[in-house]
Amino acid sequence: MIAVPNPLAGAARSNPEGLAARTQQGDIGYAHFRRRVALAADVLRQKGLGPGSRIAMVGSPSLDWLVAFHAVGWLGGIVQPFSHKLTQAGLLAGLENARSDWLLASESPPPQWAQRSSSMVLGGGEVEVPERDWPLEEVRLEVASSGTTGESRMVSLSVAQLVFGAMGSALRLGHLPEDVWLCCLPLHHVGGLSIVLRCAWYGTTVKLLPRFDAEAVAADLAGGEITHVSLVPTMLSDVLDVSFEVHSRLRVVLLGGANAPQSMLERCRDRKLPVAVTWGMTETGSQVATRRPGDLSEGSDVGHPSAFARVLAQADGLVVEGPVAPGGSY
């Protein structure tokens with residue numbers, strides 16, 4: 001059985017003083033982050049949870065959410081993220097579909113509709129749970145698909161898919177130890193989740209916004225701290241409507257989730273935004289094919305597949321092969 005070190009533990013060993021996350025609740029370095037996660041994992045362990053446990057997560061983007069997310073992975077559990085905006089009926093339907101063992105609320109007190117016998121708020125434990133490696137074939141996430149080609153369903157993502165996806169992204173977009181990735185995407189979809197995991201594997205910083213706000217994103221892109229940001233076209237359109245100067249430190253605007261009109265790409269060229277048009281799927285853990293940053297040439301081409309994916313055209317659609325898509329995905 002091939003396994004890799006826990007990404008957060010590896011980052012804490014190699015970059016203990018490095019900044020792991022910047023949130024509205026404060027900043028946290030990798031050494032302190034690892035300790036908080038290991039203590040939070042003790043709470044889950046005391047509840048009888050461990051490898052393979054399915055844990056639904058609900059909560060708004062925050063430092064507490066990041067700690068809870070990594071605590072589940074620290075134990076080898078499976079995170080099933082849900083939107084904190086769901087109604088009670090929507091959440092309960094999602095939990096039934098996902099076959100969750102527990103509902104974990106990252107906010108204290110949790111919303112009233114989250115109160116049930118199998119719900120909990122994660123605090124600090126008494127002892128640090130030792131690091132556990134991640135076998136490549138082990139499922140780490142179960143995420144609702146976008147439903148673009150049919151009804152939304154829960155998609156299982158393995159460690160192999162996530163790690164090969166993260167490395168493929170770094171090879172295509174570039175990676176530096178001091179990178180800061182701005183995350184304003186929802187954390188119950190694979191786009192936002194992939195940012196959190198990539199930064200842990202890279203040992204770099206995720207800057208987490210509690211919600212998308214075009215003015216706040218524009219200020220960050222002009223401020224000189226952010227190197228990467230992920231957006232969908234509707235978000236980018238709102239950001240382009242804000243007047244700001246793009247800082248030279250910004251290297252990547254990863255743009256996916258829907259087709260980007262050429263008129264938008266022309267606006268990006270005029271504003272000197274280093275856009276990297278991308279195409280991916282929940283089933284592949286996000287990116288499959290991506291243009292190089294700054295390639296705003298005409299046409300619908302989304303660039304070449306990543307180093308760990310092959311895309312084949314068939315009569316009924318596209319087939320993705322490689323470690324990011326075991327078994328193939330259409």
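This chain uses plain numbering: 1 for the first residue, then up along the sequence.
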*Any ion pair linking Asp42 and Arg45 (charged N to carboxylate O, less than 4.0 Å)?*
yes
*asked:* I'd like to know if Glu128 and Arg34 make a salt bridge, using a cut-off of under 4.0 Å between side-chain N and carboxylate O.
replied: yes
[X] vs [Y] side-chain heavy atoms within contact, under 4.5 Å:
X	Y	result
Trp181	Leu254	yes
Phe212	Leu185	no
Asn15	Pro177	no
Ser156	Glu142	yes

Side-chain donor or acceptor of [X] paired with backbone N/O of [Y] under 3.5 Å:
X	Y	value
His247	Arg249	yes
Arg271	Val246	no
Arg292	Arg172	yes

*Parallel, tilted or perpendicular: ring planes of Tyr202 versus His175, cut at 30 and 60 degrees*: tilted
*Step by step, work out the side-chain contact (heavy atoms from CB on, under 4.5 Å) result for Leu318 and Val288.*
CA-CA 11 Å; Leu318 298 176; Val288 173; over 6 Å; no
*Between Ser60 and Trp65, is any side-chain donor less than 3.5 angstrom from a side-chain acceptor?*
no
